[in-house]
Amino acid sequence: MVINKLSSHPTQTSLQLHPLPMIGVILGLILVSGGAGWWLSRLDNKEQFSGDTVSAATATPISVKTAIVRLLSVETNRILTGTVEPLETVTLSSRVMGHVRQLTVQEGDRVSAGETLVVIDVADIQAQGSQALAGVNMAQSNYQTAQARLQEARAQLLEAEAELADARLEQKRMRMLQEEGAVSQQLLDKANTRVQMTQARIQQIKAGISQSQSSMNQAQAQVKQAQAQVNQVSANLNYGTIVAPFDGVITRKHTEVGAMAGAGQPLLTLESSDRLRFSTQVPESLITQIRQGQKVSVHLDALNQDLPGTVSQIIPSADPATRNFTVKVALDQTAQVIPGMFGRLKLGNRPITKQPGNRAVLMISKSAIVQQFGITGVYKVVDGETSFQPITTGKTYGSDIEVFSGLKQGDQLVINPSPALKDNTPVQLN
């Protein structure tokens, strides 16, 4: 039994080791066949690449038009925002105190120049007018009385001067007669006394004339003062009626009927509706590009419309905080335009290379741009062949477009490239 077990082991062992050489042979055949296939594929690709190279080298060049990438200077910040405002706006107020008796308009009403808007009760002013008129009459009466006294005093003066002349004549005659002894000294003294008394009377009359003249001047001044009060009251009576100074629209009402109106208190706000202008703030870097009388265009977002305008006013003083200048543009067309609308001022496209605020950009023709697989690019001409170059574009300027990246100044680009144009295509410049 022992012998049988020992004799059976070699046979079992040989049966278990027999498949290993077969597996190795199979793996070897697989590796050999794979290597042969890889070598054959490399050989085919090499032959195909060699054939493509030969065909590309021998292809006929395509005639194309080209353009050069340029470095240009363009203006920046050319859109300025602002607001439409009326050319004339005024807040009507009262110059006298009184109750609002009539208010003939409402907000939004259109009014004409000279139309009555507000009437204020001026009964107190009318009473003051009556009192001032009475003062005028009294002053005139005083003036007339002083004038009559002056005339009477002048008449008395003439009479006294005549009497003085007669007294002096008699005094002279008495002196001559007394020297001859024809009359006594008493008669001469009497003649001298008459002359002195007449002279004193004349002096008194002249003083009365001066006083009457002064009284008359004072009465005349009182007349003028009283008349001025009458004129003032009359003007205040006129101020009680408030009229529209120009054609426009009532945009705000500050009071109601029955309310007390005081001097300087706002009553109504009136704005001109037909004459409008656009007001904007211009940075100091662009103020040199705007001049009086310049034609500009204003875009109103609410109307989606461009309106022509003319620069009518440039405030020659900048805001110290923002360094902006206020510019007013008179609008040529105001149909459907309402004060308060938001707008944008478009400055003219005037390339000014040395103005502050300009920047140099790369510019190409829009006709050179192509799209490949959603990528924006151009075909450059390098050593007589085309090369697709992805680019990043910016703002459009007419038929040109700004390029941020992908190109440099002097690059030569294909214009209006054919859809069949590919990389490494030989081209001939037309």
Do Thr83 and Ser279 pass the side-chain hydrogen bond (donor to acceptor under 3.5 Å, both in side chains) test, and can you show the C-alpha distance, the side-chain angles, and the key distance before you say yes or no? CA-CA 6 Å; Thr83 306; Ser279 178; over 6 Å; no

Check the pair Thr310, Gln294 against side-chain hydrogen bond (donor to acceptor under 3.5 Å, both in side chains), reporting the backbone distance first and the verdict last. CA-CA 6 Å; Thr310 305; Gln294 179 180 349; over 6 Å; no

For Gln213 and Asn217, test the side chains for any donor-to-acceptor distance below 3.5 angstrom and give the result as yes or no. yes

Can you name the nearest heavy-atom pair linking Val195 to Arg168, along with the distance? CG2-N, 3.6 Å

Is the shortest side-chain N to carboxylate O distance from Asp400 to Arg70 below 4.0 Å? yes

Side chains of Val361 and Met363, heavy atoms from C-beta outward: is any pair under 4.5 Å? yes

Taking atom types as modelled, find out whether Lys380 and Ser387 have a side-chain donor-acceptor pair closer than 3.5 angstrom. no

When you measure from the side chain of Thr396 to the backbone N and O of Ile401, does any donor-acceptor pair fall under 3.5 Å? no

Determine the minimum heavy-atom distance between Tyr239 and Val96, stating which atoms define it. CB-CG1, 4.0 Å

Mind running side chain to side chain contact (heavy atoms under 4.5 Å, CB included) on Ile79 and Leu345 for me, showing each step along the way? CA-CA 6 Å; Ile79 303 298; Leu345 173 62; over 6 Å; no

Between Ser297 and Gly309, is there a donor-acceptor pair closer than 3.5 Å when you use the side chain of the first and the backbone of the second? no

What pair of heavy atoms forms the shortest contact from Gln156 to Ile205, and how long is it? O-CD1, 3.3 Å

Considering residues, nucleotides and ligands other than Gln305, do more than 12 of their heavy atoms fall under 6.0 Å from its CD? yes

Any side-chain donor paired with an acceptor under 3.5 Å for Thr66 and Gln412? yes

A side-chain contact here means heavy atoms from C-beta on lying under 4.5 Å apart; do Asn142 and Val223 qualify? no

Approximate separation, where rounding is to 0.5 Å, of Gln389 CD and Leu407 CG: 6.0 Å

Check: Thr326/Gln281 side-chain N/O donor and acceptor closer than 3.5 Å: yes

Let me confirm one number: the CD-CG distance from Gln265 to Leu92, rounded to the nearest 0.5 Å. 13.0 Å

Closest approach of Ala191 to Met174 (non-hydrogen atoms, all atoms of both residues): CB-CG, 4.0 Å

From Ile314 atom CD1 to Lys328 atom NZ, the distance as rounded to the nearest 0.5 Å: 12.5 Å

For the atom pair CD1 (Ile209) and CZ (Arg149), what is the distance rounded to the nearest 0.5 Å? 14.0 Å

Thr386 side chain near Leu421 side chain, heavy-atom distance below 4.5 Å: yes

Please determine whether the number of non-hydrogen atoms from other residues, nucleotides or ligands lying under 6.0 Å from atom CD of Gln371 exceeds 12. yes

Is it the case that over 12 heavy atoms from other parts of the model lie below 6.0 angstrom from the CE atom of Met260? yes

Taking Pro86's backbone N and O only, do any of them form a donor-acceptor pair with Thr89's side chain (distance below 3.5 Å, no angle check)? no

State, yes or no, whether a side-chain contact exists between Val111 and Leu270 at a heavy-atom distance under 4.5 Å. yes

Taking side chain as C-beta onward, heavy atoms only, is Thr60 less than 4.5 Å from Ile62? no

Does CZ in Arg194 sit with more than 12 non-hydrogen atoms of other residues, nucleotides or ligands closer than 6.0 Å? yes

Return yes when atom CD of Gln211 has more than 12 non-hydrogen atoms of other residues, nucleotides or ligands closer than 6.0 Å, and no otherwise. no

Do any N or O atoms from the side chain of Ser214 and from the backbone of Ser210 form a donor-acceptor pair under 3.5 angstrom? no

Exam field: side chain Lys366 to backbone Gly398, donor-acceptor pair closer than 3.5 Å: yes

Counting C-beta onward and ignoring hydrogens, is there a side-chain heavy-atom pair between Glu402 and Thr393 closer than 4.5 Å? no

Please lay out, stage by stage, how Glu107 and Arg252 fare under the test salt bridge (charged side-chain N to carboxylate O under 4.0 Å, His left out). CA-CA 6 Å; Glu107 294 177 346; Arg252 189 174 181 183; 5.6 Å; no

Please find the pair of heavy atoms, one from Phe388 and one from Val370, that lie closest to each other, and give the distance. CE1-CG2, 3.6 Å

Any side-chain donor paired with an acceptor under 3.5 Å for Tyr379 and Glu385? no

The test is side chain to side chain contact (heavy atoms under 4.5 Å, CB included); show your working for Val84 and Leu300 and say whether it passes. CA-CA 9 Å; Val84 177; Leu300 299 182; 3.8 Å; yes

Between Leu267 and Ala261 the two heavy atoms that sit nearest each other are CD2-CB, 4.2 Å

Side-chain donor-acceptor pair present, Gln106, Lys253, cut-off under 3.5 Å: yes

So, does Thr193 use its side chain to make a donor-acceptor pair with the main chain of Asp189 at under 3.5 Å? yes

Is there a donor-acceptor contact under 3.5 Å from the side chain of Asp411 to the main chain of Lys408? yes

Test your reading of the model: is there a side-chain donor-acceptor pair from Gln178 to the backbone of Arg175, 3.5 Å cut-off? no

Out of curiosity, Leu164 CG to Gln196 CD, how far, rounded to the nearest 0.5 Å? 11.0 Å

Heavy-atom neighbours of Gln185 CD exceed 12 at 6.0 Å: yes

OG1/Thr280 to CZ/Arg344 distance, rounded to the nearest 0.5 angstrom? 11.0 Å

Apply side chain to side chain contact (heavy atoms under 4.5 Å, CB included) to Leu80 and Val282, showing your working. CA-CA 7 Å; Leu80 306 173; Val282 180; 3.6 Å; yes

Got Arg323 and Pro283 here, is their nearest side-chain heavy-atom distance under 4.5 Å? no

When you measure from the side chain of Gln292 to the backbone of Ser312, do you find a donor-acceptor pair of N or O atoms at a distance under 3.5 Å? yes

Decide yes or no for Leu307 and Val337: does some side-chain heavy atom of the first lie under 4.5 Å from some side-chain heavy atom of the second? yes

CA sep, side-chain torsions, deciding dist, call: Thr376, Ile369, side chain to side chain contact (heavy atoms under 4.5 Å, CB included): CA-CA 7 Å; Thr376 301; Ile369 296 178; 3.6 Å; yes

Indicate whether the side chain of His299 and that of Asp306 have a donor and an acceptor atom separated by less than 3.5 Å. yes

